[in-house]
J.: 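Encoded as structure tokens, here's the structure I'll be asking about.
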Amino acid sequence: MKKAVILGERRAGLVEVPDPRPKEDWALVKVLATPMCTEYKMFVGGHKADFLGHEAVGEVAEVARPCQVRPGDRVVVQPQYPCGRCALCIAGDYIHCQHVVNFAEFTGSREGSATYAQFVLKPSWLLSPIPDGVPYEKAGLAICGLGPSMGAFEAMGVSAFDTVLITGLGPVGLGAVVNARFRGARVIAVESVAYRVARAKEMGAAAILDPADADLVKRIKALTDGRGVDCALDCSGTVAAQRTCLEATRRRGKVAFVGECSDELKIRVSPDLIRTGITIIGSWHYNLNLYPRIVKVIRESPIIDLLISHVMPMSRIQEALELCASHETAKVILRPWE
């Protein structure tokens with residue numbers, strides 16, 4: 001099979017590797033659409049990488065024995081390789097599994113673990129069915145396009161009664177706008193990239209503010225009668241945005257973080273938490289039992305098409321990564337067989 005790799009700083013290409021084989025209850029999926037995520041950061045940083053991607057949708061090509069899927073099934077390939085047996089996995093919170101399977105040890109090779117490829121291997125219970133009539137490209141939004149904010153909004157209980165702050169309007173943040181608008185919530189967003197600002201306005205965001213504004217928190221509160229937003233979601237993974245979320249949220253409000261960040265965030269327990277009554281939530285993905293709700297958003301949201309900006313052949317991987325690095329995109333989808 002062919003797969004995409006990063007060869008060096010701003011250099012990517014395709015290589016030929018052996019096809020993976022199904023084993024036990026792990027199925028082989030022919031990847032027909034690969035949503036791109038943050039792989040462009042390795043591309044820009046010059047970090048060579050032979051195994052790219054964690055998002056995919058496609059068709060079951062082969063199984064080793066009877067399992068939860070059959071050849072021909074159209075499926076969303078859920079991320080990670082959780083054990084499937086612990087309490088978290090059984091409850092649907094598999095993304096937090098602490099007993100992740102060693103892919104290479106189980107299969108004998110790492111091939112089949114990357115989604116920037118024509119085939120991927122996955123435990124059959126992590127292959128969610130795609131309903132008839134949903135195109136592969138749109139089904140791909142059920143992973144990182146809509147997934148992080150779906151999990152966070154469920155945890156915060158976001159509804160039509162709420163004003164939601166979303167900081168960072170990359171693909172995950174734009175997905176959050178889609179999810180928030182589907183729930184009927186009013187959206188205030190923070191973003192500096194003109195392309196993303198325009199896309200979010202088209203999606204129906206009520207206001208979009210500049211993160212460089214020295215009076216950012218004051219402006220957010222002015223848009224909420226001085227109270228602050230009901231819920232805030234950081235998708236940027238920056239400490240400045242995290243602080244904005246904490247300071248712009250009303251008393252007894254809720255803040256969730258989905259943007260990956262390893263930098264230190266200073267929390268002052270009394271002024272930030274005890275006096276405000278704010279709840280802080282860390283959220284990565286959504287509980288697997290919420291998959292039907294993700295599908296409902298994909299099928300029924302009037303703005304869902306705006307979440308995909310580009311669909312490209314994987315043979316143009318160099319161009320696709322350059323495009324993602326420009327930040328002038330919403331979600332970019334690769335077609336591995338073109």
J.: Please name the pair of heavy atoms, one in S236 and one in A241, separated by the smallest distance, quoted to 0.1 Å.
T.: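 Closest approach of S236 to A241: OG-CB, 3.1 Å.
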
J.: What I'd like to find out is whether the side chain of R196 reaches to under 4.5 Å of the side chain of H327, using heavy atoms alone.
T.: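 Yes, close enough: below the 4.5 Å cut-off.
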
J.: Test salt bridge (charged side-chain N to carboxylate O under 4.0 Å, His left out) on K254 and D230 and set out the steps.
T.: CA-CA 7 Å; K254 296 177 182 178; D230 301 291; over 6 Å; no

J.: Between Q242 and T238, is there a side-chain heavy-atom distance shorter than 4.5 Å?
T.: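 No - every pair of side-chain heavy atoms lies 4.5 Å or more apart.
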
J.: Using a 3.5 Å distance criterion without hydrogens, assess whether the side chain of S124 forms a donor-acceptor pair with backbone atoms of V69.
T.: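 Absent.
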
J.: Is V63 close to L28 at the side-chain level, that is, under 4.5 Å between some pair of heavy atoms?
T.: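 No - every pair of side-chain heavy atoms lies 4.5 Å or more apart.
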
J.: Is the backbone of I278 close enough, under 3.5 Å, to the side chain of R252 for a donor and an acceptor to pair up by distance?
T.: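 Absent.
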
J.: Looking at Q98, I'd like to know if its CD atom is crowded, meaning that more than 12 non-hydrogen atoms belonging to other residues, nucleotides or ligands lie closer than 6.0 Å.
T.: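 Count not over threshold, so no.
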
J.: With heavy-atom distances below 4.5 Å as the criterion, would you say the side chains of W284 and P148 are in contact?
T.: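 They are not in contact (no side-chain heavy atoms under 4.5 Å apart), so the answer is no.
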
J.: So which heavy atom on D272 is nearest to which on K266, and how close?
T.: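 Minimum heavy-atom separation between D272 and K266: OD2-O, 4.1 Å.
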
J.: Tell me whether E137 is salt-bridged to R335, with the criterion being a basic N under 4.0 Å from an acidic carboxylate O.
T.: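 The answer is yes: the pair qualifies as a salt bridge.
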
J.: Sub-3.5 Å donor-acceptor pair from the side chain of Y291 to the main-chain atoms of P129, do we have one?
T.: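 At least one qualifying donor-acceptor pair exists.
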
J.: Report yes if some heavy atom in the side chain of Q78 is under 4.5 Å from a heavy atom in the side chain of S128; otherwise report no.
T.: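 With C-beta onward as the side chain, the pair touches.
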
J.: Do the side chains of V57 and L334 join up, straight or via other hydrophobic residues, at under 4.5 Å, putting them in one cluster?
T.: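 In one cluster with V57: L334, no.
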
J.: Quick check: does any side chain N or O of R227 sit under 3.5 Å from a backbone N or O of A222, one acting as donor and the other as acceptor?
T.: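 Not confirmed, R227 side chain does not pair with A222 backbone.
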
J.: Assess whether side chain to side chain contact (heavy atoms under 4.5 Å, CB included) is satisfied between V258 and D234, documenting all intermediate values.
T.: CA-CA 6 Å; V258 300; D234 177 55; over 6 Å; no

J.: Hey, what do you get for CZ (R110) to CG (L121), rounding to the nearest 0.5 Å?
T.: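 Taking CZ in R110 and CG in L121, the distance rounds to 13.5 Å.
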
J.: In chain order, what residues pass the side-chain hydrogen bond (donor to acceptor under 3.5 Å, both in side chains) check against K3, with sequence neighbours excluded?
T.: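 In terms of side-chain hydrogen bond (donor to acceptor under 3.5 Å, both in side chains), with neighbours along the sequence ignored, K3 is linked to E111.
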
J.: Between R74 (side chain only) and G58 (backbone N and O only), is there a donor and an acceptor less than 3.5 Å apart?
T.: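 Not at all, since once roles are kept as given, no pair shorter than 3.5 Å links the two residues.
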
J.: Measure the CG-CG distance between L306 and L174 for me, rounded to the nearest 0.5 Å.
T.: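 One finds 9.0 Å between CG of L306 and CG of L174.
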
J.: Between atom CZ of R293 and atom CZ of F182, what is the distance when rounded to the nearest 0.5 Å?
T.: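 Interatomic distance, R293 CZ to F182 CZ, rounded to 0.5 Å: 10.5 Å.
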
J.: Does the pair L127 and Q68 meet the rule for a side chain to side chain contact (heavy atoms under 4.5 Å, CB included), with working shown?
T.: CA-CA 8 Å; L127 299 176; Q68 294 187 32; over 6 Å; no

J.: Do F103 and W26 have ring centres separated by under 6.0 Å?
T.: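 Yes - the distance between ring centres of F103 and W26 falls below the 6.0 Å cut-off.
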
J.: Are L146 and V75 linked, directly or through other ILVMFWY residues, by side chains that come within less than 4.5 angstrom of each other?
T.: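 L146 clusters together with V75.
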
J.: To the nearest 0.5 Å, what is the distance between CD1 on I304 and CE on M203?
T.: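 Reported to 0.5 Å precision, the distance equals 7.5 Å.
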
J.: Between G173 and I166, which heavy-atom pair has the shortest distance, and what is it?
T.: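 For G173 and I166, the tightest heavy-atom pair comes out as O-CG2, 3.9 Å.
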
J.: Could you tell me whether the side chain of D73 and the main chain of R70 form a donor-acceptor pair under 3.5 Å?
T.: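 Flag set: sc D73 to bb R70 pair under 3.5 Å.
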
J.: Could you check whether any side-chain N or O of T329 sits under 3.5 Å from a backbone N or O of K331, counting only pairs where one atom can act as donor and the other as acceptor?
T.: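 Here the side-chain-to-backbone pair does not exist.
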
J.: Can you hop from I95 to V295 via hydrophobic side chains spaced under 4.5 Å?
T.: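 In one cluster: no.
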
J.: Hey, are K218 and E247 close enough for a salt bridge, meaning a charged N less than 4.0 Å from a carboxylate O?
T.: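 No, K218 and E247 are not salt-bridged.
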
J.: So does E62 pair up with R21, basic N to acidic O under 4.0 Å?
T.: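 Salt bridge flag = yes for R21 with E62.
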
J.: Does V31 share a hydrophobic cluster with V17, counting links as ILVMFWY side-chain heavy atoms below 4.5 Å and allowing steps through other members?
T.: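 Looking at the clustering, V17 is in the same group as V31.
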
J.: For residues L265 and V255: do they belong to one hydrophobic cluster (side chain heavy atoms under 4.5 Å, members Ile, Leu, Val, Met, Phe, Trp, Tyr)?
T.: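 Shared cluster, yes.
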
J.: Thinking salt bridges, do D225 and R250 make one under a 4.0 Å N-O criterion?
T.: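 Salt bridge absent between D225 and R250.
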
J.: So, taking the atom named SG in C324 and the one named CD in E39, what distance separates them when rounded to the nearest 0.5 Å?
T.: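 Reported to 0.5 Å precision, the distance equals 8.0 Å.
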
J.: Does the side chain of T34 reach to within under 4.5 Å of the side chain of I333, using non-hydrogen atoms?
T.: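 Contact flag for T34/I333 side chains = no.
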
J.: Taking S326 for its side chain and L323 for its backbone only, find out whether a donor-acceptor pair lies under 3.5 Å.
T.: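 It does hold such a pair.
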
J.: Does a side-chain N-to-carboxylate-O contact under 4.0 Å join D162 and R186?
T.: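 Looking at D162 and R186, the cut-off is not met.
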
J.: Mind listing the closest non-hydrogen atom pair of G145 and L307 along with its distance?
T.: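 That would be O-CD2, 4.1 Å.
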
J.: Evaluate whether atom CD of E260 has more than 12 neighbouring non-hydrogen atoms of other residues, nucleotides or ligands under 6.0 angstrom away.
T.: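 Check fails, neighbour count at 12 or below.
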
J.: Hey, could you give me the CG/CD1 distance between L288 and I90, rounded to the nearest 0.5 Å?
T.: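 Here the interatomic distance stands at 13.0 Å.
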
J.: For the pair I130 and V76, evaluate side chain to side chain contact (heavy atoms under 4.5 Å, CB included) and give the outcome as yes or no after the intermediate values.
T.: CA-CA 6 Å; I130 300 173; V76 170; 3.8 Å; yes

J.: Taking the six-membered ring for Trp, is the centroid-to-centroid distance between H99 and Y94 below 6.0 Å?
T.: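 No, they do not, as the ring centres are separated by 6.0 Å or more.
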
J.: I'd like to know if the side chain of K23 reaches the main chain of F106, judged simply by a donor and an acceptor atom lying under 3.5 Å from each other, with no hydrogens or angles considered.
T.: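 Side chain of K23 to backbone of F106, a donor-acceptor pair under 3.5 Å: yes, one is there.
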
J.: What pair of heavy atoms forms the shortest contact from I143 to P79, and how long is it?
T.: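 Closest approach of I143 to P79: CG2-CD, 3.9 Å.
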
J.: Mind listing the closest non-hydrogen atom pair of S283 and G151 along with its distance?
T.: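 Distance-wise, the nearest heavy atoms are OG-C, 3.6 Å.
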
J.: Checking the side chain of R11 only, and the main-chain atoms of L7 only, is there a donor and an acceptor separated by less than 3.5 Å?
T.: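 Answer holds: yes.
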
J.: I'd like to check K48 versus I6 (side-chain heavy atoms, cut-off strictly below 4.5 Å). Are they in contact?
T.: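 No, side chains not in contact.
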
J.: Against the six-membered ring of W337, is K30 placed for a cation-pi contact (under 6.0 Å from the centre, within 45° of the normal)?
T.: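 Positive - K30 is close enough to the ring of W337 and near enough to its axis.
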
J.: Could you walk me through whether Y116 and F51 pass the side chain to side chain contact (heavy atoms under 4.5 Å, CB included) test, one step at a time?
T.: CA-CA 8 Å; Y116 280 38; F51 299 91; over 6 Å; no

J.: Determine whether more than 12 heavy atoms belonging to other residues, nucleotides or ligands lie under 6.0 Å from atom CD of E16.
T.: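 Yes, CD of E16 has more than 12 neighbouring heavy atoms, counting only those of other groups under 6.0 Å.
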
J.: Does R183 come within less than 4.0 Å of E154, counting only side-chain N to carboxylate O?
T.: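 Salt bridge present between R183 and E154.
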
J.: Is there side-chain contact between E55 and V77, with heavy atoms separated by less than 4.5 Å?
T.: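 No, every pair of side-chain atoms sits at 4.5 Å or beyond.
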
